[in-house]
Amino acid sequence: MVLKSGETVAGVRLNEDDLSVQLRDLGGNLRSFSKDNIREIRRDKPSLMPSYEGRLNKAELANLVAYLNSLRGTR
C-alpha cells in the first residue's frame, strides 16, 4: 500500500471497509489507515508466506499435511 505521503506500507490485510483498511505490518503491528490517506493498494507478488521448497522432503511434507489435517477434528 502506498500512502499519499509517499510512505510504502507492507503487510497482511486483515480487514477493509468503505472508509478504512486494517493490516498487520511486517513488524507484527496492527495498523489502520483511512482510505482518504491511501494513494494505491497493491497486491504484491510473491506472497509474504515463506516458501518451504527444498526445506522439507516428501515424507516431511506429508507428515506436516497430515498433522495440520488432524487439527481440524472430527466432522
Separation between [atom1] of [X] and [atom2] of [Y], rounded to the nearest 0.5 Å:
X   : Y   : atom1 : atom2 : result
S20 : N15 : OG    : CG    : 7.0 Å
L23 : L30 : CG    : CG    : 8.0 Å
D36 : L3  : CG    : CG    : 12.0 Å

Over all atoms of both residues, closest heavy-atom pair of [X] and [Y]:
X   : Y   : value
Q22 : E16 : OE1-N, 4.2 Å
M1  : V21 : CE-CG1, 4.2 Å
V9  : R31 : CG1-NH1, 3.9 Å
D17 : K35 : O-NZ, 2.8 Å

Check your understanding: If two hydrophobic side chains count as joined below 4.5 Å and joins carry through other members, does Y67 share a cluster with L61?
Key ->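 Cluster IDs for Y67 and L61 match.
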Review point. Does F33 share a hydrophobic cluster with I41, counting links as ILVMFWY side-chain heavy atoms below 4.5 Å and allowing steps through other members?
Key: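 Shared cluster, yes.
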Practice item. Step through the shown structure and confirm whether more than 12 heavy atoms of other residues, nucleotides or ligands are within 6.0 Å of CZ on R42. Key: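 Count over threshold, so yes.
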Exercise for review: Output all residues satisfying side chain to side chain donor-acceptor pair (under 3.5 Å) with D18, sequence neighbours left out; order by chain, then residue number.
Suggested key: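 Testing D18 for side chain to side chain donor-acceptor pair (under 3.5 Å), a comparison that skips the adjacent residues, returns none.
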Exercise for review: Could you tell me whether the side chain of L68 reaches within less than 4.5 Å of the side chain of L71, counting heavy atoms only?
Suggested key: yes
